[in-house]
Amino acid sequence: MRIGLHALGIGTGARPEIIESVARAAQAAGFATLWCGETVVMVDRPSSRYSYAADGRIAVSADADWLDPLLALSYAAAVTDSIGVATGVLLLPEHNPVLAAKQAATLDVLSAGRFTLGVGIGWSADEFAALGVPFERRAERTAEYIAAMRRLWADDVACFDGEFAAFGEIRVNPKPVRGRQIPVVIGGNSDAALRRVAAYGDGWYGFDVEIDDVRDRLAVLREQCRRHGRKLSELTVAVAVSGCGLGDIPGLADAGVTELVVLGSPPAEPVAAAVWVDELARRWGLDPDRPR
């Protein structure tokens with residue numbers, strides 16, 4: 001099983017010297033992927049419930065630094081040469097799909113094909129309102145945007161006629177490195193999110209899933225894949241698991257998990273951040289001292 005790291009873009013992980021230190025150390029230690037999530041705006045008194053916390057409130061302070069994930073990952077890609085970079089997740093319905101397709105392809109080219117686009121439908125009505133995007137039907141908007149972006153990546157001259165996106169005979173370059181496609185993984189832990197994974201995703205990114213819930217979520221995903229004429233083995237399955245230890249890795253792999261993502265916030269000093277990454281690597285069975 002691969003081990004990924006979700007530690008960049010927020011708070012201390014938003015500082016350029018920490019991004020560089022963590023990215024270089026993670027690559028040297030054998031981590032597979034650097035994950036970075038997105039929130040465009042925060043509000044002091046949110047009207048929406050955050051589904052990944054029992055109290056319904058996101059743990060990140062409203063005044064914390066939170067970088068744009070595509071820009072942050074471009075910086076991380078520039079100081080590394082082999083570790084994967086992935087959004088976990090980009091809130092796709094908040095973006096123009098033509099612009100998002102170009103930005104994603106640009107990052108894929110600059111990283112030499114190391115980019116995975118993780119997307120979610122979003123949860124904050126306040127954020128959608130600030131961006132002037134309807135909160136309603138954001139799941140349908142997301143599905144259509146993904147289809148439009150795949151058309152833009154694949155075709156020299158692209159046309160698309162949808163409810164939320166439409167364009168005719170346009171050229172958007174560059175094209176992604178790997179066969180003009182970028183892997184698109186779908187975030188979210190609900191049954192509805194897993195239906196979206198099976199319907200049009202290249203993989204699933206489960207965020208902060210309780211260890212006891214992983215098999216249940218994968219059983220739902222396996223059934224949804226069956227209904228859509230697919231197999232779970234066709235998908236990548238990356239999960240950030242709560243209450244998990246090194247001894248749980250064989251069971252997770254047996255259940256179908258392909259990448260375990262470690263969540264953390266790095267120290268505020270570059271040397272300490274590199275040491276922190278090495279300690280995480282050893283804790284999760286990686287060997288940062290092995291020559292590479």
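Predicted model, so just to flag it, every value in this text is computed and none were measured.
- Tyr50 places none of its side-chain heavy atoms less than 4.5 Å from the side chain of Asp55.
- A distance of 11.0 Å separates OH of Tyr200 from CZ of Arg195, quoted to the nearest 0.5 Å.
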For this session: Could you give me the CA-CA distance, side-chain angles and deciding distance for His95 and Glu38, then say whether side-chain hydrogen bond (donor to acceptor under 3.5 Å, both in side chains) is met?
Result: CA-CA 12 Å; His95 295 259; Glu38 176 177 51; 3.0 Å; yes
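- In this structure, Glu234 places its CD atom where more than 12 heavy-atom neighbours from other residues, nucleotides or ligands lie under 6.0 Å away.
- Looking only at distances, a side-chain donor or acceptor of Glu269 sits under 3.5 Å from a matching main-chain atom of Val271.
- Under the 4.5 Å side-chain heavy-atom criterion for grouping Ile, Leu, Val, Met, Phe, Trp and Tyr, Val262 is connected to Trp276 within one hydrophobic cluster.
- The salt bridge (Lys or Arg N to Asp or Glu O under 4.0 Å) check on Asp68 picks up nothing, with sequence neighbours excluded.
- Using a distance-only test at 3.5 Å, with no hydrogens or angles considered, no donor-acceptor pair links the side chain of Thr142 to the main chain of Leu92.
- Although no hydrogens or angles enter the test, the distance criterion places a donor-acceptor pair under 3.5 Å between the side chain of Asp248 and the main chain of Gly245.
- Annotation: cation-pi geometry satisfied between Arg138 and Phe135 (NZ/CZ under 6.0 angstrom from ring centroid, within 45° of ring axis).
- Without hydrogens or angle criteria, Lys102 side chain to Asn173 main chain gives a donor-acceptor distance under 3.5 Å.
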For this session: Take Asp156 and Arg180 through the side chain to side chain contact (heavy atoms under 4.5 Å, CB included) test and state the conclusion after the steps.
Result: CA-CA 10 Å; Asp156 287 326; Arg180 295 191 171 199; 2.8 Å; yes
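- Within the 3.5 Å criterion, the main-chain N or O of Gly251 finds a donor-acceptor partner in the side chain of Arg215.
- Judged by distance alone, with hydrogens and angles left aside, the side-chain atoms of Arg15 form a donor-acceptor pair with the main-chain N or O of Ala268 at under 3.5 Å.
- Between Tyr205 and Trp35, the ring planes lie parallel to each other; the angle is under 30°, not in the 30° to 60° tilted range.
- Remark: side-chain polar atoms of Glu144 are paired, donor with acceptor, to backbone N or O of Ala165 under 3.5 angstrom.
- In this structure, the side chains of Arg2 and Leu260 stay at 4.5 Å or more apart for every pair of heavy atoms.
- Of all heavy-atom pairs between Ile19 and Ala72, the closest is CG2-O, 4.3 Å.
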For residues 107-120, which side-chain N or O atoms pair as donor and acceptor with protein atoms under 3.5 Å away, sequence neighbours left out?
residue, atom, partner, partner atom, Å
Asp108, OD1, Arg178, NH2, 2.7
Asp108, OD2, Val177, N, 2.7
Ser111, OG, Leu107, O, 2.8
Ser111, OG, Asp108, O, 3.2
Ser111, OG, Arg114, N, 3.2
Arg114, NE, Ser111, O, 2.8
Arg114, NH1, Thr80, OG1, 2.9
Arg114, NH1, Ile83, O, 2.8
Arg114, NH2, Ala77, O, 2.9
Arg114, NH2, Thr80, O, 3.1

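- Under the 4.5 Å side-chain criterion, counting only non-hydrogen atoms from C-beta, Glu259 is not in contact with Ile3.
- One distance of note links CG of Leu73 with CG of Leu34; it measures 7.5 Å at 0.5 Å rounding.
- Taking every heavy atom of both residues into account, Ala193 and Ile186 meet most closely at O-CG2, 4.3 Å.
- The two atoms that bring Glu94 and Val40 nearest to each other are OE1-CG2, 3.5 Å, heavy atoms only.
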Exercise. Going through the distances and angles, do Glu223 and Arg227 end up as a salt bridge (Lys or Arg N to Asp or Glu O under 4.0 Å)?
Worked result: CA-CA 6 Å; Glu223 173 59 19; Arg227 293 183 181 183; 3.1 Å; yes
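- In this structure, Val241 and Glu210 have side chains that are not in contact, with every pair of non-hydrogen atoms separated by 4.5 Å or more.
- Linking Ile, Leu, Val, Met, Phe, Trp and Tyr whenever their side-chain heavy atoms come within less than 4.5 Å puts Val85 and Leu286 in one cluster.
- Between Tyr75 and Pro16 the shortest side-chain heavy-atom distance falls below 4.5 Å.
- Rounded to the nearest 0.5 Å, atoms OG (Ser51) and CH2 (Trp123) are 8.5 Å apart.
- Trp204 contributes a side-chain N or O that, together with a main-chain N or O of Gly188, makes up a donor-acceptor pair within less than 3.5 Å.
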For this session: I would like to know whether Lys231 and Cys225 meet side chain to side chain contact (heavy atoms under 4.5 Å, CB included); could you show each step before the answer?
Result: CA-CA 6 Å; Lys231 296 180 180 179; Cys225 286; 5.9 Å; no
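- Contact record, Leu218 with Ala255: CD1-O, 3.4 Å, taken as the closest heavy-atom pair.
- Counting heavy atoms from C-beta outward, Thr33 and Val261 have side chains that stay 4.5 Å or more apart.
- For the pair Thr87/Cys36, no side-chain contact is recorded, criterion being any heavy-atom separation below 4.5 Å from C-beta on.
- How far CH2 of Trp284 is from CE of Met1: 9.5 Å, rounded to the nearest 0.5 Å.
- Taking CE from Met42 and OG from Ser124, the interatomic distance works out to 8.5 Å, rounded to the nearest 0.5 Å.
- For the residue pair Ala62 and Asp44, the shortest heavy atom distance occurs at CB-OD1, 3.4 Å.
- Looking at Ser74, its side chain does come within 3.5 Å of a backbone N or O of Leu70 through a donor-acceptor pair.
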Problem set entry | CA sep, side-chain torsions, deciding dist, call: Cys244, Leu252, side chain to side chain contact (heavy atoms under 4.5 Å, CB included) | CA-CA 10 Å; Cys244 176; Leu252 291 171; 3.8 Å; yes
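- Between the side chain of Asp126 and the main chain of Ser47, a donor-acceptor pair closer than 3.5 Å is present.
- When the side chains of ILVMFWY residues are joined at heavy-atom separations under 4.5 Å, either directly or via intervening members, Ile146 and Val133 end up in two distinct hydrophobic clusters.
- The two residues Val197 and Arg230 make their nearest non-hydrogen contact at O-NH1, 3.4 Å.
- Under the 4.5 Å side-chain heavy-atom criterion for Ile, Leu, Val, Met, Phe, Trp and Tyr, Leu91 and Ile182 are members of distinct hydrophobic clusters.
- Note that the CG atom of Leu235 and the CZ atom of Arg222 stand 10.5 Å from one another [nearest 0.5 Å].
- Centroid-to-centroid, the aromatic rings of Tyr52 and Phe207 come within less than 6.0 Å.
- Cluster membership for Val237 and Val89, using ILVMFWY side-chain heavy atoms within less than 4.5 angstrom, is not shared.
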Exercise. Can you check salt bridge (Lys or Arg N to Asp or Glu O under 4.0 Å) on Asp191 and Arg217, steps first, answer last?
Worked result: CA-CA 8 Å; Asp191 287 1; Arg217 295 294 81 199; 2.7 Å; yes
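- In this structure, a donor-acceptor pair under 3.5 Å is present between the side chains of Gln27 and Asp81.
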Problem set entry | Step-by-step side chain to side chain contact (heavy atoms under 4.5 Å, CB included) determination, Leu263 to Asp208 | CA-CA 8 Å; Leu263 299 173; Asp208 206 14; 4.3 Å; yes
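- Side-chain contact check for Thr12 versus Ser265: some heavy-atom pair is nearer than 4.5 Å.
- Qualifying side-chain hydrogen bond (donor to acceptor under 3.5 Å, both in side chains) partners for Arg24, counting only residues two or more places apart in sequence or in other chains: Glu20.
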